[in-house]
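Only one structure is covered here, and it is reproduced in the block below.
Atom set for the values below is all heavy atoms of this structure, side chains included, hydrogens, waters and symmetry mates excluded. Both counts, for ligands and for their atoms, begin at 1 and track the order of listing.
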Amino acid sequence: MQEYDLVVVGSGPAGRRGAIQAAKLGRKVLVIEQGKRVGGVSVHTGTIPSKTLRETALNLSGWRERGFYGRAYRVKQEISADDLRRRLLITLDHEVEVLEHQFARNRVQHMRGKAKFVTPETMEITRDDGETVHVQAKSIMLAVGTKPYRPESIPFDGVSVLDSDELLDIKDLPRSMAVIGAGVIGIEYATIFSALDTQVTVIDPKPTILDFIDREIVEEFIHDLRDRNMKLILGQKADKVEKLENGKCEITLDNGRHVTCDMVLYAAGRVGATDSLNLAAAGLTADSRGRLSVNPETFQTDVPHIYAAGDVVGFPSLASTSMEQGRIAARVAVGAIAKEPPKYFPYGIYAVPEISTCGLTEEEVKERGIPYECGMARFRETSRGHIMGLNSGLLKMIFSLKTRRLLGVHIVGEGATELVHIGQAVLNLKGTVEYFVENTFNYPTLAEAYKIAGLDAWNRMGDLSQAK
Ligand SMILES: Cc1cc2nc3c(=O)[nH]c(=O)nc-3n(C[C@H](O)[C@H](O)[C@H](O)COP(=O)(O)OP(=O)(O)OC[C@H]3O[C@@H](n4cnc5c(N)ncnc54)[C@H](O)[C@@H]3O)c2cc1C
């Protein structure tokens with residue numbers, strides 16, 4: 001039986017980063033992946049495909065130019081599902097190639113097959129042809145991620161009633177679509193299809209959406225969605241989903257109302273992919289959503305030599321944070337120092353328009369009783385915004401009145417997921433409002449919105465140098 005210093009189950013962001021980290025520290029590492037190719041949900045059904053789809057939809061629809069040329073403007077008149085898929089396949093090939101090269105360069109071995117525990121130190125890998133292999137490990141990292149939650153009551157058929165994995169294989173673009181679940185994934189796909197002129201209805205039992213985002217940003221976002229005729233049915237549960245004889249789908253809401261559409265995307269959550277791991281053999285149990293609990297500093301499970309990282313441990317369930325978790329877990333596993341990452345990490349929602357945020361929301365600042373001031377800038381106040389024909393886009397910063405430090409940055413609009421990193425750096429380096437007021441920003445840029453928002457807050461906070 002082969003023996004390894006670290007066996008990693010899953011080749012998504014957490015697994016691959018952890019594996020490469022341990023290999024760079026000179027350890028013998030094996031990655032086990034059941035999928036046809038390495039990369040995990042992130043590369044094959046999650047982050048990269050959805051972002052590629054978004055980019056393709058925005059380019060082919062001419063979305064970014066509509067501020068100038070009107071809502072009817074399109075770069076390509078007839079956009080097909082094939083148009084969307086073509087770019088996807090090229091992007092995914094590149095991603096896999098880079099990953100395989102990284103594994104090869106760092107001498108990380110990888111094996112295709114489904115892994116499960118036999119003992120806490122031994123894993124059995126079942127290959128496609130049914131053959132099994134056993135491996136022994138000093139440490140094991142479970143980076144198995146999640147899969148879509150698929151309740152029995154939903155008549156999934158992969159054609160008109162789908163989960164977010166299946167959505168990538170659709171043959172035709174629907175004229176109308178209902179999205180059940182207004183979480184990040186549901187909202188991202190709802191707005192991408194709306195940008196392709198599909199009539200979209202979003203249904204969620206909660207009366208509000210994206211509760212972890214600053215309310216003012218969410219209000220701005222919802223205004224944008226309603227302005228382009230997207231329907232949001234909030235505070236109402238989808239009780240039943242049926243396929244009608246005419247090929248349409250019908251959703252019955254708990255108030256008796258019906259929604260009829262061509263396609264239903266069921267995006268009401270994901271569950272940890274732990275069901276086939278035979279956790280009991282390792283002395284582990286998962287929660288009701290298949291997730292594993294870990295020490296948040298070391299990513300050790302209750303069994304000290306078994307680590308878990310990435311989406312399988314729950315919030316924040318991002319590719320970006322999963323990579324960091326994997327790296328830290330691997331360092332702890334091989335006995336290397338694992339420095340804690342900076343306090344604030346960015347959250348990116350690649351909807352149309354994008355939302356990105358880092359640090360405290362205004363609601364959190366209020367809750368903590370911190371005296372504060374906000375600074376706002378609309379993208380249409382920047383020259384770059386005029387050049388780009390932007391009608392929407394808002395950047396909001398929150399500063400402490402006591403320390404003048406930046407507490408949070410919240411952005412909705414074009415480029416939000418890139419722009420947020422300026423705020424993130426200032427936050428983690430404990431910068432104050434003066435940073436934005438005193439520094440020169442490239443002109444014309446959307447980043448200039450930082451200066452405008454900084455000045456907006458500074459005007460109300462008073463000039464500290466004059467006060468002395
Ligand atoms: C539609 C969608 C959009 C997203 N968009 C973003 C985004 O824009 N930005 C962002 O940061 N995050 C995004 N995410 C989240 C991101 O994809 C995840 O946070 C990330 O993929 C989690 O990485 P992971 O390492 O935990 O595992 P995953 O990427 O989930 O990979 C786990 C791997 O483990 C394998 N595996 C599972 N069980 C076994 C087993 N028993 N044996 C062998 N292999 C096994 C699976 O086949 C899979 O390949 C998105 C997710 C989805 C679904």
Heavy-atom proximity to atom 46 (C) of ligand 1 ranks first, among Gln325, Lys36, Glu33, for Glu33

Counting from 1 in the order shown, the ligand 1 atoms closer than 4.0 Å to a non-hydrogen atom of Ala143 are 27 (O), 32 (C), 33 (C), 34 (O)

Q. Is Glu414 salt-bridged to Arg66, cutoff N-O under 4.0 Å?
A. no

Evaluate side chain to side chain donor-acceptor pair (under 3.5 Å) for Gln2 paired with Lys28, printing each intermediate quantity in order. CA-CA 11 Å; Gln2 281 280 348; Lys28 187 176 173 193; 3.1 Å; yes

Going by the 4.0 angstrom heavy-atom rule, the piece of Ile125 near ligand 1 is neither

### Query
Donor-acceptor pair, Asp287 side chain versus Arg291 backbone, under 3.5 Å?
yes

In ligand 1, the atoms that come under 4.0 Å of a heavy atom of Tyr350 are 8 (O)

Ligand 1 to Gly113, heavy atom cutoff 4.0 Å, flagged ligand atoms 42 (N), 43 (C)

shortest atom 27 (O) of ligand 1-to-protein heavy-atom contact is with Gly145 CA, 3.6 Å

Exercise. Should Ser42 be counted as touching ligand 1, given the test is an N or O pair under 3.5 Å?
Worked result: yes

* On the 0 to 90° scale, with breaks at 30° and 60°, tag the Phe156-Tyr266 ring pair as parallel, tilted or perpendicular. => perpendicular

Nearest non-hydrogen protein atom to atom 15 (C) of ligand 1, with distance, is Ser317 O, 3.7 Å

Going by the 4.0 angstrom heavy-atom rule, the piece of Ile185 near ligand 1 is side chain

Counting from 1 in the order shown, the ligand 1 atoms closer than 4.0 Å to a non-hydrogen atom of Gly310 are 26 (O)

Quick look: Val9 vs ligand 1, heavy-atom contacts under 4.0 Å, and the answer is side chain

field: Main-chain N/O of Tyr350 paired to Arg54 side chain as donor or acceptor, under 3.5 Å
entry: yes

A student checking ligand 1 against Leu318 at a 4.0 Å heavy-atom cut-off should list atoms 10 (C), 11 (O), 12 (N), 19 (O)

Leu277 heavy atoms within 4.0 Å reach ligand 1 at atoms 41 (N)

Nearest heavy atom to atom 23 (O) of ligand 1, choosing from Pro13, Gly18, Gly12, belongs to Pro13

Quiz item: Is the shortest distance from a Lys or Arg side-chain nitrogen in Glu33 or Arg112 to a carboxylate oxygen in the other one below 4.0 Å?
Solution: no

Under 4.0 Å from one or more heavy atoms of Ser322, ligand 1 contributes atoms 19 (O), 22 (C), 23 (O)

* Are the charged groups of Asp211 and Lys206 less than 4.0 angstrom apart, N to O? -> yes

Quick note on ligand 1: atoms under 4.0 Å from a heavy atom of Ile32 include exactly 43 (C), 44 (N)

salt_bridge(Lys51, Glu188) N-O dist < 4.0 Å: yes

Atom 29 (O) of ligand 1: closest protein heavy atom, distance to 0.1 Å, is Val41 N, 3.0 Å

Between Lys396 and Glu362, is the closest basic N to carboxylate O distance under 4.0 Å?
-> yes

If you compare Thr47, Leu168, Val313, Ile48 by their heavy atoms, the one closest to atom 6 (C) of ligand 1 turns out to be Thr47

Worksheet item: Does a salt bridge link Arg150 with Glu166, judged by any charged N lying under 4.0 Å from a carboxylate O?
Response: yes

TODO: Test side chain to side chain donor-acceptor pair (under 3.5 Å) on Lys343 and Asn428 and set out the steps.
DONE: CA-CA 7 Å; Lys343 192 165 169 198; Asn428 282 323; over 6 Å; no

Q. Would one find an N or O of Ala14, backbone or side chain, under 3.5 Å from an N or O of ligand 1?
A. yes

Quick look: Ala319 vs ligand 1, heavy-atom contacts under 4.0 Å, and the answer is both

Within the structure, is a non-hydrogen atom of Gly348 found at a distance of less than 4.0 Å from ligand 1?
no

- Do any heavy atoms of Arg270 fall under 4.0 Å from ligand 1? yes

- Query: Has Gly326 got any heavy atom lying under 4.0 angstrom from an atom of ligand 1?
  - Reply: no

of all protein heavy atoms, closest to atom 18 (C) of ligand 1 is Asp311 OD2, 3.1 Å

Under 4.0 Å between heavy atoms, the region of Lys51 that gets near ligand 1 turns out to be side chain

Please report the C-alpha distance between His410 and Thr357 in whole Å, then the side-chain angles of each, then the deciding distance to 0.1 Å, and finally whether the side chain to side chain donor-acceptor pair (under 3.5 Å) criterion is met. CA-CA 4 Å; His410 311 281; Thr357 168; 2.8 Å; yes

Atom 44 (N) of ligand 1 has as its nearest protein heavy atom Gln34 N, 3.1 Å

request  = Using distance alone, decide if ligand 1 has a nitrogen or oxygen within less than 3.5 Å of any nitrogen or oxygen in Gly46.
outcome  = no

Among non-hydrogen protein atoms, atom 34 (O) of ligand 1 lies closest to Gly10 CA, 3.2 Å

Atom 42 (N) of ligand 1 has as its nearest protein heavy atom Ala115 N, 2.9 Å

Short N-O contact, Arg85 and Asp83, less than 4.0 angstrom: no

*Any salt bridge between Arg175 and Asp262, counting N to O under 4.0 Å?*
no

I'd like to know if Lys147 pairs up with Asp275 as an ion pair, taking the criterion as any Lys NZ or Arg NE/NH1/NH2 lying under 4.0 Å from an Asp or Glu carboxylate oxygen. yes

**Report entry** Test: Asp93 and Arg37 ion pair at under 4.0 Å
**Finding:** yes

Is any side-chain N of the basic residue among Asp224 and Arg228 closer than 4.0 Å to the acidic one's carboxylate O?
-> yes

